[in-house]
Structures are given as C-alpha cells and as structure tokens.
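Atoms within each ligand, like the ligands themselves, are counted from 1 in listed order. In this text the structure is predicted, and so the values were computed from the model without any measurement.
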Amino acid sequence: MVNIEVRDAYVDFPIFDAKTRSLKKKVFGKVGGKIGTGAKVPIIEALRDITLSLRDGDRVALVGHNGAGKSTLLRLLSGIYEPTRGTARIRGKVAPVFDLGVGMDPEVSGYENIVIRGLFLGMTRAQMRERADDIAEFTELGDYLHMPLRTYSAGMRVRLALGVVTTIDPEILILDEGLGAVDAAFIAKARQRMVDLVERSGMLVFASHSDELLLELCTTAIWMDEGTIREVGDVRDVLAAYKGHRAMWAGGVGTVGP
Ligand SMILES: Nc1ncnc2c1ncn2[C@@H]1O[C@H](COP(=O)(O)OP(=O)(O)OP(=O)(O)O)[C@@H](O)[C@H]1O
C-alpha cells in the first residue's frame, strides 16, 4: 500500500552563524519562511503546521513563490527531513528526483552512470542494464556515453539524467524542477516519457514554476505560502488563485506587455 500521512508537522532550521543584530532591525524580505528571533539562535520556520494525506494515484502539484517551502515539503515527504514537531509517515518506496545530477560520478562513463543513477533511485543493476540501450538512444549522446561524465556539458548531463529518471518504476515519485539546462526541443521529446513515467508511478508530488507542466502531469495542487498550506484543490483552480495573487503581489494586475 502506498500512502503518506503528515500531521501537524513543522520543520525548523536553527541558524547558528546568522548576524542577529541586523535581524533585529526587522527588515522583512518578501520571500522565504518566517525567521523567528525570539530564541538565542535565529530559526527559519520553513514549514509550519502541515497536515496532509496522500493516496495511491494522487498526482499533486506544489506551487508557491521562492522560499515558500516547496522543496522542504518534498524532502519531508521523501523521508529525507524528519519533522521538528508533528509526524510524517511514508508507506511505499520513494524515488526522489531533486537535483538531476545527484547520484552521478564525474569520473566514470555515461553508461556506468546510467547504472549508478538507477541504483540510487531504487532500481537493480540488472534492470538498469536491460534499459541501458533504450536510455542511450533517447539521450542521443552516441559515443559520448563511453566518455567520462566530466567531459559533458550541463545540458548533456541533464539529458543522461532525464533518460534514466524516465525509465524507472517508482511507487512514490517526488520531483523538484531541474530541467533548466536542456534545450526546448529535448524537453518536448522528454515530455511523453515524463507523462508515461507519471502514469506508471503510484503517486506523484511535483514542485515546479511551469504551469504548463503542472497542468499536464497533475490533477490536484497545493499552494504553499510562508511555510504553510494556503490552498488545496483542483490543479486549475489553485493555479488560477495563485496566479491572481502573484500578479497583485508583484504590484501589477496581469502581465505588462512591451
Ligand atoms: N538547509 C536549509 N537551511 C536553512 N534554511 C533553509 C534550508 N532549506 C530551506 N531553508 C529555508 O526554508 C524556507 C523554504 O525554502 P524552500 O527551499 O523549501 O522553498 P521553495 O518553495 O522550494 O523555494 P524555491 O521556489 O525558491 O525553490 C526558506 O526561507 C529557506 O531560506
């Protein structure tokens, strides 16, 4: 059975080397979680009072401005962070995809990295060997797959990582956006593989600033704001509410043309 239950969860980061004097001037920024200065050490309250229940088949988008707590929540849902207070119970095997480059070794070849990255995401060596040809073809990296990863450009690395990620069979797929370095044509090619990946995943939680991708892959959405859940609902409704707020927050209404 695949599910995640989070109850009254908080995640705090105490900052031991902060310049507390300037914090007391209370110059508040527009982004980020609340900074508590009551204790001896300033504490960033990245998540506050999170209660959430996710089931098999859920396809959840996470939206919110920079520092709203999306990545922290994804790490909590992956079991990478423990809540400071409250509980987070995760049932199912999690494939966390935060930084596409994590779990790769710059000194070994692209082919070897296909296996290493697959192991990192919970696959077996045999499963990855079986899928290596398909991944190789998808990446279009040709003979570069025999070269050490350190010789690859940023976009070439993302191609390899995306090739691997889109062949796995996850129970719980946790995705943080990180597709910036690849060219648009490759993203278009990767899109169908992403859709197939999500279809065979038990559960998806996906944080992204791309409305288009969220609408394609997700059915419900959670709007994070200053470390709390501001709204949960149908992905279209929540995106519309968030975008309306974002336009107001930026000091304008809608987009400003040239
Ligand atoms: N390792 C950390 N140490 C200290 N503070 C952190 C750490 N990680 C996150 N934070 C703080 O927690 C808050 C939430 O950050 P988080 O990365 O979850 O935001 P986000 O919604 O993913 O933002 P973005 O859209 O910019 O990626 C921010 O105020 C950030 O400064």
Side-chain angles (χ1 to χ4, degrees), residues 4 6 8-20 22-52 54 60-86 88 90 94-102 154 158 161 172-182 204-215 217-218 220-233 235 238-239 241-250:
I4 298 180
V6 180
D8 311 318
Y10 289 70
V11 172
D12 294 338
F13 295 108
I15 309 299
F16 295 98
D17 56 352
K19 300 234 180 338
T20 42
S22 30
L23 285 175
K24 280 179 187 140
K25 285 187 196 149
K26 295 201 188 308
V27 184
F28 294 121
K30 269 187 174 178
V31 294
K34 281 206 168 17
I35 304 178
T37 51
K40 271 197 191 131
V41 178
I43 290 171
I44 295 181
E45 298 169 352
L47 291 181
R48 295 180 291 140
D49 202 13
I50 303 288
T51 293
L52 157 78
L54 302 177
V60 185
L62 281 191
V63 298
H65 58 69
N66 293 134
K70 302 180 295 294
S71 300
T72 309
L73 180 58
L74 290 180
R75 281 168 174 74
L76 182 75
L77 299 178
S78 305
I80 294 171
Y81 289 161
E82 287 282 330
T84 315
R85 271 179 285 157
I90 301 143
V94 181
V97 183
F98 295 126
D99 178 342
L100 282 171
V102 167
V158 176
I172 301 174
L173 177 63
I174 308 255
L175 276 182
D176 209 348
E177 188 170 62
L179 314 177
V182 224
L204 167 75
V205 189
F206 182 24
S208 172
H209 293 284
S210 158
D211 297 354
E212 211 186 312
L213 267 182
L214 291 175
L215 285 168
L217 300 177
C218 303
T220 55
I222 297 175
W223 173 4
M224 294 298 297
D225 190 23
E226 290 193 343
T228 60
I229 295 176
R230 176 154 176 172
E231 201 174 309
V232 184
V235 64
V238 174
L239 269 177
Y242 170 57
K243 276 161 79 176
H245 166 84
R246 205 167 47 183
M248 269 174 19
W249 190 69

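- Listed by atom number, the atoms of ligand 1 under 4.0 Å from Ala46 heavy atoms are 12 (O), 13 (C).
- Look at His65 and you'll find a heavy atom under 4.0 Å from some atom of ligand 1.
- Annotation: the span from Leu76 atom CG to Ile90 atom CD1 amounts to 6.5 Å, rounded to 0.5 Å.
- Within the 4.5 Å cutoff, the side chain of Val11 has no heavy atoms near those of the Arg75 side chain.
- Close N/O approach between Gly67 and ligand 1 is found [any backbone or side-chain N/O within under 3.5 Å].
- Inter-residue side-chain proximity for Asp49 and Asp8 is flagged as met; some heavy-atom pair is nearer than 4.5 Å.
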Criterion side-chain contact (heavy atoms from CB on, under 4.5 Å) on Asp225 and His65, from CA distance to verdict = CA-CA 7 Å; Asp225 190 23; His65 58 69; 3.5 Å; yes
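- A heavy-atom separation below 4.0 Å is not found between Gly64 and ligand 1.
- In Ile44, the part holding a heavy atom less than 4.0 Å from any atom of ligand 1 is the side chain.
- Nearest heavy atom pair, residue Ile50 against residue Thr228, reads CD1-CA, 4.1 Å.
- When each atom of ligand 1 is checked for a heavy atom of Asn66 under 4.0 Å away, the hits are 23 (O), 24 (P), 25 (O), 26 (O).
- Those atoms of ligand 1 that come under 4.0 Å of a heavy atom in His209, given as number and element, are 25 (O).
- Remark: distances from the non-hydrogen atoms of Ile15 to ligand 1 include one below 4.0 Å.
- Between Ile4 and Leu52 there is no side-chain heavy-atom pair separated by less than 4.5 Å.
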